[in-house]
Amino acid sequence: MAQKPSIPKGTRDFSPTEVAKRNYIFSTIKEVFEMYGFQPIETPSFENSLTLMGKYGEEGDRLIFKILNSGDFLKKVEDDLLISKDSIKITSKISEKALRYDLTVPFARYVVQHQNEIEFPFKRYQMQPVWRADRPQKGRFREFYQCDADVVGSKGLWQEVEFVQLYDAVFSKLKLTGTTIKLNNRKILAGIAEIIGAKDKLIDFTVALDKLDKIGAEGVTKEMLDKGISEAAIQKVEPLFNFKGSNQEKLKQLQQLLTTSEEGTKGVEDLKFIVDNIEMLGLQTANLDIDVTLARGLNYYTGAIYEVTAPQGVKMGSIGGGGRYDDLTGIFGLKDMSGVGISFGLDRIYLVLEELNLFDAVELPKPKVLFINFGEKEAAFCMKALVTLRKNHIKSELYPDAAKMKKQLNYANRRQIPYVVLVGASEVENNKYTLKNMQTGEQQVCTLKELLEITS
RNA sequence: GUGGUUGUAGCUCAGCUGGUUAGAGCGCCGGAUUGUGGUUCCGGAGGUCGCCGGUUCGAACCCGGUCUUCCACCCCA
């Protein structure tokens, strides 16, 4: 054998079965998106580096796949820059394009670029692959799909309510019961930071708080101290380290904690609006849970923050996330355009459904009838019958070679084709077909019309 | 990006403290059975042991590098 072929780290091939299962998830999400009034768009796999760089923080920039310029790209770089070995500076000279890192930033770019054609509020959905130069792990790939739905041009909180319903609708439809939709609000986090007098350390504070369930109160305290947040300040938020009870109880506690913070109070009000209305409307299978530790990385969130986790017992990171960003298009020059959106992580949902055996309903597209090939003459006769069957939407095919019957029947077995048609010299002569049911083994001689009736 | 882990036939895996022609099951191909499958029996093909280098009389096994897998951190879907 020649050199063994391989695919790059963190990428995958998908078999027919896997594609069928993935399509099942895609179509379920798509159906619900459209039910809620979203319209699809698509954007290029790669963007100008300028569009992407600096939008995901320093860490994000590192994880963006850069595309090398074509041509003799090193010629244009000054000698002293090359000698300096400054990767970041050199990269900006030799790479002007980069692979899409998420769907939100390209969407913001799209909105700004097409603002005159768009009807606002604009509700779009997008299901495309994104690429990250991350180290792969379970449920973590370098090429994976996101399924996003966003609304721009509206500040109404009903949108936030609808997204909770939408999450619930998709996961219920996929029979993935017991998911938890975690809800928080950036304004609450800001309010807390304000109260403890660490407003300038909001990011450090939230990142530390986000790790609560992972490293515990002690670990969080330590990390906050390391980041320069005072002990007195940490004591003020101590109640949050053990934040339990119903959503309404949590809201009350937050209200009290944040009375002196205008922003925090607004955050609690927003949160209460969502929680109250979801309680009024009800959910099918998901749980809604206020989680003040939730501080999804992307620092453009300004209002609601969502994160969905798999049912208890399934070891998987979040399978969806989202939130509101008041000024995402601002960086591209379009001010005052508020947006809110959510994302489904297709690949992780796949792994969760696989683990819980929830793919029963998915069937591989396969033919219903296989014509055994006896030779040129007989094959020609079968081809004519195939035209009729296919016109009647019966998936069918002729075995391409006049191979041994054992081989052809084996092929039908393996592909689980329920019917086989045998046409030899005598059938051709009498214009008849021998139809064999592969499950029962029964067979009968019939006309084309009967063949059609039985197999349809 | 940091630390660890994994790689032997198409697949799942054996392979002793380094020792001569590297094994099994499943799958594949052929035959028993040239118009009747899933069973059974018989036979066969398929591996520079991830790759490169080193130590050694001798390496799948030891050492270094590299790629890949999975895991923890970072970050995130």
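Labels below follow one simple rule: chain letters A, B, ... track the order of the sequence lines, proteins then strands, and each chain is numbered from 1. Just so it is clear, the structure is predicted and the values come from calculations on it, not from any experiment.
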>> Using a 4.0 Å heavy-atom cut-off, does F344(A) contact any base of the nucleic acid, only the sugar-phosphate backbone, or nothing at all?
In response: nothing

Taking N or O atoms only and anything under 3.5 Å, show me the protein contacts with nucleotides 65-68 of chain B, one pair per line.
residue: U68(B); atom: OP2; partner: K9(A); partner atom: NZ; Å: 3.3

> Does a side-chain N or O from R135(A) land closer than 4.0 Å to OP1 or OP2 of U5(B), or not?
Replying inline: no

>> Give me each pair satisfying ring-ring contact (aromatic ring centres under 6.0 Å, His included) with a member in residues 430-452 of chain A, each pair once, sequence neighbours excluded.
In response: F381(A)-Y433(A)

>> Can you check the distance between A59(B) and C16(B), where both ends of the measurement are the C1' atom (answer in whole Å)?
In response: 15 Å

> What distance, rounded to whole Å, do you find between the two P atoms, one in A9(B) and one in A72(B)?
Replying inline: 28 Å

>> According to salt bridge (Lys or Arg N to Asp or Glu O under 4.0 Å), who are the partners of E47(A), at least two apart in sequence or on a separate chain?
In response: R109(A)

>> Under the rule for side chain to side chain contact (heavy atoms under 4.5 Å, CB included), what residues qualify as partners of T329(A), not counting sequence neighbours?
In response: A108(A), V111(A), V112(A), L334(A), M337(A)

>> If the threshold is 4.0 Å, N to carboxylate O, is there a salt bridge linking D134(A) and R142(A)?
In response: no

> What does U36(B) pair with, Watson-Crick or G-U, if both distances are under 3.5 Å?
Replying inline: none

> Do any pairs count as a side-chain hydrogen bond (donor to acceptor under 3.5 Å, both in side chains) and have a residue in residues 368-379 of chain A, sequence neighbours left out, and if so which ones?
Replying inline: none

> Among pairs that include at least one residue of residues 441-456 of chain A, which meet salt bridge (charged side-chain N to carboxylate O under 4.0 Å, His left out), considering only residues two or more places apart or in two chains?
Replying inline: none

> In the 5'-to-3' direction, what one-character label does each nucleotide of nucleotides 30-37 of chain B receive under the scheme B = base within less than 4.0 Å of a protein heavy atom, S = sugar-phosphate only, - = no such atom?
Replying inline: -SB--BBB

> Is the centre of the Y36(A) ring less than 6.0 Å from the centre of the F163(A) ring?
Replying inline: no

>> Between G18(B) and C63(B), how many Å separate the two P atoms, rounded to a whole number?
In response: 11 Å

> What is the base-pairing partner of G25(B), counting Watson-Crick and G-U wobble geometry with both distances under 3.5 Å?
Replying inline: C11(B)

> Taking atom C1' in both C51(B) and U6(B), what distance in whole Å separates the two?
Replying inline: 15 Å

> How many Å lie between CD1 on I25(A) and P on A77(B), as a whole number?
Replying inline: 18 Å

> Expressed in whole Å, how much space separates the C1' atoms belonging to U68(B) and C52(B)?
Replying inline: 15 Å

>> Considering only residues two or more places apart or on different chains, which pairs with a residue in residues 134-155 of chain A satisfy ring-ring contact (aromatic ring centres under 6.0 Å, His included)?
In response: F26(A)-Y145(A)

> What integer number of Å spans the P atoms of G23(B) and G15(B)?
Replying inline: 15 Å

> Stacking check: are the rings of F144(A) and A77(B) less than 5.5 Å apart at their centres and under 30 degrees in tilt?
Replying inline: yes

>> Taking U48(B) as the reference, what is the distance to A60(B) when you measure between their C1' atoms (whole Å, please)?
In response: 12 Å

> Now, which nucleotide makes the Watson-Crick or G-U wobble pair with C62(B), with each of the two distances under 3.5 Å?
Replying inline: G54(B)

>> From CD1 of I64(A) over to C1' of C76(B), roughly how many Å is that when rounded to an integer?
In response: 14 Å

>> Expressed as a whole number of angstroms, how long is the span from Q137(A):CD to C74(B):P?
In response: 11 Å

>> Output the rounded distance in Å from CG (D134(A)) to C1' (C74(B)).
In response: 9 Å

> What is the distance, rounded to the nearest whole Å, between atom CG of L103(A) and atom P of A77(B)?
Replying inline: 11 Å

> A77(B) P sits how many Å from Y306(A) OH, rounded?
Replying inline: 15 Å

> Between R62(A) and E223(A), which has a closest nucleotide on RNA chain B that is more 5'?
Replying inline: R62(A)

>> Could you check, using the six-membered ring where one of them is a Trp, whether F344(A) and F33(A) have ring centers closer than 6.0 angstrom?
In response: yes

> According to the interplanar angle, ranging from 0 to 90°, do the rings of Y101(A) and Y56(A) count as parallel (below 30°), tilted (30 to 60°) or perpendicular (above 60°)?
Replying inline: tilted

>> I want to verify a distance call: between A77(B), U69(B), A72(B), whose nearest atom is closest to the R348(A) side chain?
In response: A77(B)

>> Tell me every residue that passes side chain to side chain contact (heavy atoms under 4.5 Å, CB included) with S338(A), counting only those two or more places apart in sequence or in another chain.
In response: K155(A), R324(A), D326(A)

> For D210(A) and C73(B), what is the distance between atoms CG and C1' respectively, to the nearest whole Å?
Replying inline: 15 Å

> How long is the line joining CZ of R12(A) and C1' of A77(B), in whole Å?
Replying inline: 11 Å

>> Under 4.0 Å, counting only non-hydrogen atoms across every strand here, what does R414(A) touch: a base, just sugar-phosphate, or nothing?
In response: sugar-phosphate

> Taking the C1' atom of each, how far is G47(B) from A14(B), in whole Å?
Replying inline: 15 Å

